[in-house]
Amino acid sequence: MKARQFLFITSFLVFIILPHNSYAQLHRNCGTMSHLRYQELKQPFLKKRIEAQNIAIAKWNKSRSKASEDTIIHIPVVFHIIWTNAIQNISAAQIFTQLLVLNQDFRHNNADSINTPSQFQALMADVGVEFCLAHQDPNGNWTDGITRTHSTKSVFDMNADDAKFSAQGGYDAWDATKYLNIWIVPAITNNGSSDILGYTQMPGGNWSTDGIVIGYKYIGTMGTAHSPFNKGRTATHETGHWLGLYHIWGDDNGACWGSDYVDDTPNQAAYNYDCPTDPHVSCSNNGDMFMNYMDYTDDSCMNMFSLGQKARMRAVLNTTRLAIKTSGRCMANAIIPASKEFNFQVYPNPSNQSINISNYPIHLRFKVRIINMEGKQVYQNTYPADRQSINISIKGLKSGLYLIQLSDNQNFGSSKLIIQH
Ligand SMILES: [Zn+2]
């Protein structure tokens, strides 16, 4: 019996056995492939563009050097929060936890990588990609990398892509050659089915709709994040799609002929739900790589990208998505925020001689940075744990807008500073 048929029958049995006041266990449902098929129908040239892209990827992978594989690539991200009720207008702290997970997963710094089964450990990859919150909007103005839009629309249609247009109750994309756009919406529907966690436009589509859409219950690791999808892995999975990855089972409805265009992932019949016991054999393989971010398992079950997936993603970043590498929207010192955010006081602000910083909730040794609008760090110092306030001379800094960051190992805060001479 093919895995998908088995899953369908077991899901059906669970449904009829459970009493009516119980909830069936939530399963991952990603809309990316359905969205791609719909776009291919509507855009006759898309299939050809994707074929050309696959040729470019193969060409890049033939010629790539080790040095090109080791360079860290920084990707600026803007989160567009679309909300109808206040709870959906999630906190910046929750966004930071999502960014942290992306940075851990794409640098293979995720603590749960110890759970990767031994037969796949040699294939675990540090993709070498880091993400920052964009610090400049498309007009060159200061931004914290988060937009917030109140909308009367509580369900967004995947095929209409309405989340991506202000005129349709969503918010217009920022130039997708310079930013990874992630829309966070109340809910996503696809032909009446409203249990979709997220969907992504694969590389090769129109820039005006490029990016990722995710439900507010599946972002980050706190606040509204909803078990079993409360470890930030929906965004990791969707960002894999955004960088050209297909589902690990090849989207062939349970057969064994479908491909994910990656050589080192085992041939796999269908998606896996929940968290199977290893080895979970299908298509005569030695076990599915169900802990791969591109399967359908629960957040706490996923923990790796493979070396082949890394090569494909980096090839996309050196071909179709080449422009984002040099967009300059990431800070010189890419921010990898910690799990908490906080406020502090800067005064006087605007200032022209010196500034005082106080009322910060830090009790450890901490770092202060000042960053200019070009993303360059113009001041950095480390202070002892018992320092209650700080005075910094800013006489040498030109008039303009700056960002002050305070951070220790667990906390992160930032504030604007205006210098006027
Ligand atoms: Zn997917």
Side-chain angles (χ1 to χ4, degrees), residues 72 74-79 81 90-104 107 109 130-137 141-148 220-223 232 328-421:
I72 305 299
H74 295 105
I75 296 183
V77 186
V78 56
F79 288 89
I81 301 173
I90 62 172
S91 68
Q94 189 171 344
I95 297 285
F96 288 171
T97 65
Q98 181 58 70
L99 210 60
L100 186 66
V101 171
L102 284 173
N103 282 319
Q104 287 170 341
R107 291 304 318 275
N109 283 328
E130 292 180 357
F131 302 83
C132 76
L133 283 171
H135 72 284
Q136 229 179 352
D137 73 11
N141 296 320
W142 171 258
T143 175
D144 60 1
I146 302 172
T147 71
R148 296 178 184 277
T221 60
M222 59 173 283
R329 262 55 176 186
C330 264
M331 300 274 185
N333 296 283
I335 303 169
I336 301 178
S339 57
K340 294 179 202 162
E341 60 167 337
F342 59 85
N343 297 315
F344 52 88
Q345 266 190 333
V346 181
Y347 58 94
N349 191 7
S351 175
N352 59 10
Q353 294 292 316
S354 70
I355 51 164
N356 299 295
I357 304 176
S358 65
N359 286 351
Y360 39 82
I362 286 181
H363 309 291
L364 302 166
R365 194 175 131 86
F366 64 101
K367 195 175 270 184
V368 177
R369 289 181 175 134
I370 302 179
I371 292 153
N372 69 15
M373 282 302 289
E374 284 81 51
K376 291 200 177 85
Q377 181 175 288
V378 293
Y379 177 86
Q380 176 183 305
N381 207 350
T382 302
Y383 294 90
D386 57 357
R387 186 71 73 90
Q388 297 299 309
S389 68
I390 308 160
N391 181 273
I392 299 171
S393 168
I394 43 100
K395 276 186 223 160
L397 297 179
K398 289 184 206 157
S399 295
L401 186 61
Y402 293 79
L403 174 75
I404 301 180
Q405 293 177 352
L406 265 67
S407 60
D408 64 16
N409 288 338
Q410 294 156 11
N411 304 282
F412 174 88
S414 64
S415 174
K416 289 178 205 173
L417 167 66
I418 296 165
I419 299 182
Q420 276 176 354
H421 291 294

Determine, step by step, whether T382 and R365 satisfy the side-chain contact (heavy atoms from CB on, under 4.5 Å) criterion, reporting the C-alpha distance in whole Å, the side-chain angles of both residues, the deciding distance to 0.1 Å, and the verdict. CA-CA 7 Å; T382 302; R365 194 175 131 86; 3.5 Å; yes

List the steps and the verdict of side-chain contact (heavy atoms from CB on, under 4.5 Å) for I355 and I419. CA-CA 10 Å; I355 51 164; I419 299 182; over 6 Å; no

Working for side-chain contact (heavy atoms from CB on, under 4.5 Å), residues V78 and T143: CA-CA 9 Å; V78 56; T143 175; 5.7 Å; no

Decide yes or no on side-chain contact (heavy atoms from CB on, under 4.5 Å) for N352 and Q420, but give the supporting numbers first. CA-CA 5 Å; N352 59 10; Q420 276 176 354; 5.6 Å; no

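Put simply, the side chain of Y402 reaches to within 4.5 Å of the side chain of V378, judged on heavy atoms. In this structure, the side chains of S415 and Q345 stay at 4.5 Å or more apart for every pair of heavy atoms.
The shortest non-hydrogen separation linking G232 to T221 is N-CG2, 4.2 Å. Between V368 and I404, the closest heavy-atom pair is CG1-CG2, 4.2 Å. Residues P348 and S354 come closest through the heavy atom pair CD-O, 3.7 Å. Q380 and K367 make their closest contact through NE2-CE, 3.8 Å (heavy atoms, listed as atom of the first residue, atom of the second, distance).
Put simply, CD1 on I392 and CG on N356 are 9.0 Å apart, with the number rounded to the nearest 0.5 Å. Atom-to-atom distance recorded for L403:CG and Q405:CD is 5.0 Å, nearest 0.5 angstrom. Between N141 atom CG and H135 atom NE2 the span is 12.0 Å, to the nearest 0.5 Å. F344 contributes atom CZ, which lies 4.5 Å from atom CG of L406 (distance to the nearest 0.5 angstrom). Atoms CZ and SG, from R329 and C132 in turn, are 11.0 Å apart once rounded to the nearest 0.5 Å. Going from atom CG of L100 over to atom CD1 of I95 covers 13.0 Å, rounded to the nearest 0.5 Å.
Residues satisfying the ring pair (Phe, Tyr, Trp, His ring centres under 6.0 Å) test with Y379, not counting sequence neighbours, are none. For N349, the side-chain contact (heavy atoms from CB on, under 4.5 Å) test picks out V346, L417, I418, with sequence neighbours left out. For F366, the ring pair (Phe, Tyr, Trp, His ring centres under 6.0 Å) partners two or more places apart in sequence, or in a different chain, are Y360, Y383.
Panel note: side chain N103, backbone E130; no donor-acceptor pair is recorded below 3.5 Å. Looking at R107, its side chain never comes within 3.5 Å of a backbone N or O of L102 through a donor-acceptor pair. S399 places a side-chain N or O within donor-acceptor distance of the main-chain N or O of H421, the cut-off being under 3.5 Å.
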